[in-house]
Amino acid sequence: MTPRRIIIDTDPGQDDAVAMLLALASPEDLEILGVTVVAGNVPLSLTEKNARRICELASRPEIPVYAGCARPMVRTRLVTAEHVHGKTGLDGPDLPEPSMALRQGHAVDFLVDTLMAAEDASITLCMLGPLTNLGMALVKEPGIVPKIREIVLMGGGWAEGGNITPAAEFNIYVDPHAAHNVFECGAPVTMMPLDVTHKAMSTRVRVERFRALGSPVGLAVAAMLDFSERFDEAKYGTDGGPLHDPCVIAWLLRPELFQGKRVAVEIETASERTLGMTVVDWWGVTGKPANALVINQIDSDGFYELLTERLARL
């Protein structure tokens with residue numbers, strides 16, 4: 001079967017890094033056309049460096065990495081998450097400075113140029129961070145929409161509420177106006193909210209399975225999760241923490257691990273109290289047409305088996 005053509009948009013982040021590694025370990029399933037980087041978990045100067053670090057960790061320095069937007073579309077202040085991910089965004093392992101070059105050009109231009117040159121419905125966009133790059137690309141060239149096969153994103157929350165404010169999940173909160181553009185663009189959207197990622201817990205046993213791989217990738221992933229999960233364990237009182245972004249890639253590889261429902265989703269962009277809230281019409285009370293497949297169930301054992309098997313290849 002021909003591999004699915006994807007672009008990964010990300011703000012690494014330990015869980016972003018694991019998602020990237022899962023994709024990089026799956027060339028028979030996924031052809032990575034490029035990685036576009038956005039400010040989010042940490043500023044852009046660090047996220048673009050972290051994306052290149054991960055490509056080199058996976059021995060894939062040929063993957064093109066493009067730097068994108070350094071701030072949200074409308075809001076003037078960038079909200080970051082060093083309190084979760086550490087000062088570098090990838091605290092935990094001691095990864096060297098990247099030697100592969102950052103590609104010339106802006107990530108938004110790469111998205112527009114690559115999509116416009118593609119056949120209709122041929123490229124899947126894997127959105128692991130704030131949606132600024134894609135939100136801007138949709139403004140610059142609305143003609144990219146027919147070229148998109150599917151947008152799969154980690155973001156939002158329904159019954160779980162928010163993780164950066166009571167109402168909002170981090171990725172959507174950082175740039176709610178970009179998220180509004182994405183959900184309203186008309187392309188197929190699959191949403192991995194906190195409702196599913198909070199069921200994908202990186203327990204101690206699961207982290208030790210990564211460490212037991214004994215490879216640079218396995219040891220690095222274990223160290224990343226040792227660091228990032230300490231925040232979630234304190235916050236939620238759980239054994240380990242949610243592994244958010246790899247759900248996006250796992251959906252492409254093993255959709256049977258997930259269940260969800262097509263519903264209408266709107267993004268709150270005006271209210272100070274609920275800014276960035278994903279308003280999920282789960283029961284169809286508004287009568288508005290569905291614009292997203294919202295995932296809320298996962299086979300977590302199967303998910304971690306997939307992760308361990310694929311990461312063992314690197």
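What you see is a predicted model, and the numbers here were worked out from it, not measured in a lab. The chain is numbered in sequence order, starting from 1.
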So T308 and E305, side chain to side chain contact (heavy atoms under 4.5 Å, CB included) or not? Walk me through it.
-> CA-CA 5 Å; T308 305; E305 287 173 8; 6.0 Å; no

Stepwise side chain to side chain contact (heavy atoms under 4.5 Å, CB included) check, T278 with M191 | CA-CA 10 Å; T278 45; M191 170 179 160; 3.9 Å; yes

Show your working on side chain to side chain contact (heavy atoms under 4.5 Å, CB included) between T197 and L243 and close with a plain yes or no.
-> CA-CA 6 Å; T197 65; L243 197 51; over 6 Å; no

For R273 and T165, what are the C-alpha separation, side-chain angles and deciding distance, and is it a side-chain hydrogen bond (donor to acceptor under 3.5 Å, both in side chains)?
-> CA-CA 9 Å; R273 184 169 296 172; T165 74; over 6 Å; no

Evaluate side chain to side chain contact (heavy atoms under 4.5 Å, CB included) for L134 paired with M127, printing each intermediate quantity in order.
-> CA-CA 9 Å; L134 180 54; M127 311 301 296; 3.7 Å; yes

Is there a salt bridge (Lys or Arg N to Asp or Glu O under 4.0 Å) between R71 and D175 once you walk through the steps?
-> CA-CA 8 Å; R71 47 153 285 190; D175 198 338; over 6 Å; no

Check the pair D15 / H244 against side-chain hydrogen bond (donor to acceptor under 3.5 Å, both in side chains), numbers first and verdict last.
-> CA-CA 6 Å; D15 59 325; H244 305 285; 5.0 Å; no

Check the pair S122, R149 against side-chain hydrogen bond (donor to acceptor under 3.5 Å, both in side chains), reporting the backbone distance first and the verdict last.
-> CA-CA 5 Å; S122 63; R149 175 175 175 178; over 6 Å; no

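In terms of hydrophobic clustering, with Ile, Leu, Val, Met, Phe, Trp and Tyr side chains grouped at heavy-atom distances under 4.5 Å, I8 and V38 are assigned to different clusters. In this structure, F303 is a member of the same hydrophobic cluster as M192, with clusters built from ILVMFWY side-chain heavy atoms closer than 4.5 Å. Cluster annotation: V265 is connected to W283 through the hydrophobic network of ILVMFWY side chains, with a link wherever side-chain heavy atoms come within less than 4.5 Å. Using a 4.5 Å cut-off between side-chain heavy atoms of Ile, Leu, Val, Met, Phe, Trp and Tyr, with links allowed through other members, L213 and L314 fall into the same hydrophobic cluster. Follow the hydrophobic side-chain contacts under 4.5 Å out from L131 and you reach I267 in the same cluster.
Residues S202 and V207 come closest through the heavy atom pair O-CG2, 3.7 Å. For the pair D91 and Q14, the tightest heavy-atom approach, listed with the atom from each and the gap, is O-NE2, 2.9 Å. For the pair L21 and A58, the tightest heavy-atom approach, listed with the atom from each and the gap, is CD2-CB, 3.9 Å. Among all heavy-atom pairs drawn from T269 and H180, the shortest one is CG2-CB, 4.1 Å. Taking each heavy atom of N171 and D11 in turn, the nearest pair found is OD1-OD2, 4.3 Å. Nearest heavy-atom pair, G40 versus L78, reported as atom, atom and distance to 0.1 Å: N-CD1, 4.4 Å.
A heavy-atom distance below 4.5 Å is not found between the side chains of L128 and D9. Using a 4.5 Å cut-off on side-chain heavy atoms (C-beta onward), C69 and H106 make contact. Counting heavy atoms from C-beta outward, L311 and V221 have side chains that approach closer than 4.5 Å. P61 has its side chain out of reach of R52: every pair of non-hydrogen atoms, C-beta onward, lies at least 4.5 Å apart. Looking at heavy atoms from C-beta onward, Y66 lies out of side-chain contact with L111 at the 4.5 angstrom threshold. The side-chain heavy atoms of C55 and V65, taken from C-beta on, include a pair separated by under 4.5 Å. Looking at N181 and M73, their side chains come closer than 4.5 Å, going by heavy atoms from C-beta outward. Considering only heavy atoms from C-beta on, L57 comes within 4.5 Å of P216 through its side chain.
Here the side chain of D245 pairs no donor or acceptor atom with the backbone of A19 at under 3.5 angstrom. R310 places no side-chain N or O within donor-acceptor distance of the main-chain N or O of A25, the cut-off being under 3.5 Å. A donor-acceptor distance shorter than 3.5 angstrom exists from the side chain of K147 to the backbone of A118, with no hydrogens or angles considered. Here the side chain of N50 pairs a donor or acceptor atom with the backbone of P12 at under 3.5 angstrom. At distances below 3.5 Å, not a single donor-acceptor pair connects side-chain atoms of E28 with backbone N or O atoms of P3.
Atom CG of D94 has 12 or fewer neighbouring heavy atoms from other residues, nucleotides or ligands inside a 6.0 Å radius. In E309, the CD atom is crowded: over 12 heavy atoms of neighbouring residues, nucleotides or ligands sit closer than 6.0 Å. Other residues, nucleotides and ligands contribute at most 12 non-hydrogen atoms within 6.0 Å of the CD atom of Q259. Around the CD atom of E256, the shell of radius 6.0 Å holds more than 12 heavy atoms that belong to other residues, nucleotides or ligands.
Using a 4.0 Å cut-off between charged nitrogen and carboxylate oxygen, D299 and K199 do not count as a salt-bridge pair. Looking at E208 and R204, a side-chain N of the basic residue comes within less than 4.0 Å of a carboxylate O on the acidic one, giving a salt bridge. Note on R5 versus E119: no salt bridge recorded, every NZ/NE/NH1/NH2 to OD/OE distance being 4.0 Å or above. Residues R254 and D29 are not paired through a salt bridge, judged by the lack of any N-O separation under 4.0 Å between the basic side chain and the carboxylate. Between R4 and E150 a salt bridge is recorded (basic side-chain N to carboxylate O distance below 4.0 Å).
Taking the six-membered ring where tryptophan is involved, the planes of F258 and W251 are perpendicular, since the angle between them exceeds 60° and thus also 30°. Note: W282 and W158 have parallel aromatic rings, judged against thresholds of 30 and 60 degrees for the angle between ring planes.
For the pair R75 and Y173, the distance from NZ or CZ to the six-membered ring centre is under 6.0 Å and the angle to the ring normal is within 45 degrees.
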